[in-house]
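Lettering follows sequence order; numbering is per chain, from 1.
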2 protein chains.
Amino acid sequence: MIIEILLVEEIFVADNDCRKNLIVAAVPLFAAKGLNGVSVRELASAAGVNLSMISYYFGGKEGLYAAVLTEQFAILGKLEEIEQMEVDTLQKFELYVRATVSRYRRNPYLLRFYTSELTNPTACFETIIKPAIKRVVQMLLDTFADGLSDRKFRDDLNPTDTVLALAGMINFYFLLEPATAELVDHAPERDEQLIRHIMDIFTRGVLR
Amino acid sequence: MIIEILLVEEIFVADNDCRKNLIVAAVPLFAAKGLNGVSVRELASAAGVNLSMISYYFGGKEGLYAAVLTEQFAILGKLEEIEQMEVDTLQKFELYVRATVSRYRRNPYLLRFYTSELTNPTACFETIIKPAIKRVVQMLLDTFADGLSDRKFRDDLNPTDTVLALAGMINFYFLLEPATAELVDHAPERDEQLIRHIMDIFTRGVLR
DNA sequence: TAAAACTGATCAAACGTTTGAATGATAATT
DNA sequence: AATTATCATTCAAACGTTTGATCAGTTTTA
């Protein structure tokens, strides 16, 4: 049975036009080339504003980058809706998988910032990315613990290995897309099949 | 039963000292900061050679980066030993997992180059990284096809989703380490347990 | 002694940031 | 009601620094 969920993920809107334009234009640029791969002139030009506005509003290029990451990861850390749902543990794992797919589809840049910071961390890693990731992993660990105390899950499984396996299955699928597009059909139409597939393998793996 | 394998992975050694020093010094720098995050002066200084040697031997910074990636991914693409082994399909998947873990442990920079190019691709992506990744995925797909024709595996599974799930479980574990070190024990001593764990889940998922 | 390896100095271009002036709207003063 | 002062915002220009690359010259090697 498919769990119907409504994930409300409002987009942050700055009060100021110039400031907003900079963030909106910076997202795809930073996501594609990284912090050091984009120049302030490129950013300002893409936003259609004067380049000094970057320093004025964000204190510099790194400030703009931090603002972009803050906005992007505010979405990732929102797990309350999942946590508070009164469903069984397996369904909670499915909710996480569905939320992840939904977020990556809505925001195609999120995963790039995510993995870019994991591989080439900037100052933002410790302040923004690491806490967000730990939050997600901790939620998954708590869910697994619930499944254990319910005596639904196998008790011979390592909790961290198990939840990272689930997270890995769904995240790696999207991460690999640029390289495997010719080998694998990554069309959004297949998402439902992918989710069922992952949950199928995971369920067989963890159930008693 | 654990499959004992000997993975011979010789390290490329340049005939020239200056050239070799540059590559050796460049690996951790490029891996940590990316192509744009390191300057030629930093590279030359770390290698203990004159700055102009980068252009002399590699035609420029990008040339050195390409040389580093070529060396790194020569290891990743070496799958012949796995392919030619006369073992059943499930054991072949386990060989892949073991080889992956072994390579990431021997070369802690490999995964970083790998994911860095996936998120922020340079000119090397199409020429070096993409072919290497496709090679690995194709090998896994072939192995799955063998398991299907042996009637060992479930025939209702999507082959690509299945092999990407396996690859995701093992790769994501290492990718996430910088963020989850406080939550998850990533010690090499646990690798054997991790491999068994992943193969356990995977086996239950794919077997008839 | 010719070729290869290497050096220090130098180059133009690009970098991120800062400046001081100009703008227009709002608040305070007369 | 008219004038002045203050404010945040925007701009073009220039700042000093760093970038990657080059080149003429020197040393080393064969």
Step-by-step ring-ring contact (aromatic ring centres under 6.0 Å, His included) determination, A:F153 to A:F144 | CA-CA 8 Å; A:F153 293 170; A:F144 187 81; 5.3 Å; yes

Would you confirm whether B:S102, through its side chain, and B:R98, through its main-chain N or O, come within 3.5 Å as a donor-acceptor pair?
->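 No; zero donor-acceptor contacts below 3.5 Å.
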
Give, for atom CE of A:M169 and atom CG of A:L194, the distance between the pair rounded to the nearest 0.5 Å.
->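 Atom-to-atom, A:M169:CE and A:L194:CG are 10.0 Å apart.
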
Is the shortest side-chain N/O distance from A:Y56 to OP1 or OP2 of D:dT10 below 4.0 Å?
->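 For D:dT10, neither OP1 nor OP2 has a side-chain N or O of A:Y56 closer than 4.0 Å.
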
Is the A:Y104 ring parallel, tilted or perpendicular to the A:Y114 ring (thresholds 30°, 60°)?
->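 If you compare the ring of A:Y104 with that of A:Y114, the planes turn out tilted.
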
Parallel, tilted or perpendicular: rings of B:F93 and B:F202 (30°, 60°) |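 Perpendicular: the ring planes of B:F202 and B:F93 meet at over 60°.
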
Determine, for nucleotides 25-30 of chain D in 5'-to-3' order, which nucleotides have protein heavy atoms under 4.0 Å from the base (write B), from only the sugar-phosphate (write S), or from neither (write -).
-> ------

If each of A:M53 and B:S55 is mapped to the nucleotide of DNA chain D with the nearest heavy atom, which maps nearer the 5' terminus, i.e. the 5' end?
->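 Counting from the 5' end, the first nearest nucleotide belongs to A:M53.
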
Which part of the nucleic acid, if any, lies within contact of A:Y57, taking any heavy atom under 4.0 Å across all strands shown: a base, the sugar-phosphate backbone alone, or nothing?
->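 If one applies the 4.0 Å heavy-atom cut-off, A:Y57 turns out to touch the sugar-phosphate alone, with no base involved.
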
Which is true for A:L51 with a 4.0 Å heavy-atom rule: it touches a base, it touches only sugar-phosphate, or it touches nothing?
->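 It contacts base atoms.
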
Hey, would you say the B:F174 and B:H186 ring centroids sit under 6.0 Å apart?
->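 No - the distance between ring centres of B:F174 and B:H186 does not fall below the 6.0 Å cut-off.
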
First-last contacting nucleotides on DNA chain C - partner chain B, under 4.0 angstrom, heavy atom |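 The contacted stretch runs from C:dA4 to C:dG8.
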
Check the distance between D:dT9's C1' and A:I54's CD1 and give it to me in whole angstrom.
->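 Computing the A:I54:CD1 to D:dT9:C1' distance gives 15 Å.
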
Give the minimum heavy-atom separation between A:R103 and A:L110, together with the two atoms involved.
->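 Heavy atoms only, the tightest pair is CB-CD2, 4.3 Å.
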
Contact list for DNA chain C against residues 27-47 of chain A - heavy-atom distance below 4.0 Å =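 By residue number: A:V38, A:S39, A:V40, A:R41.
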
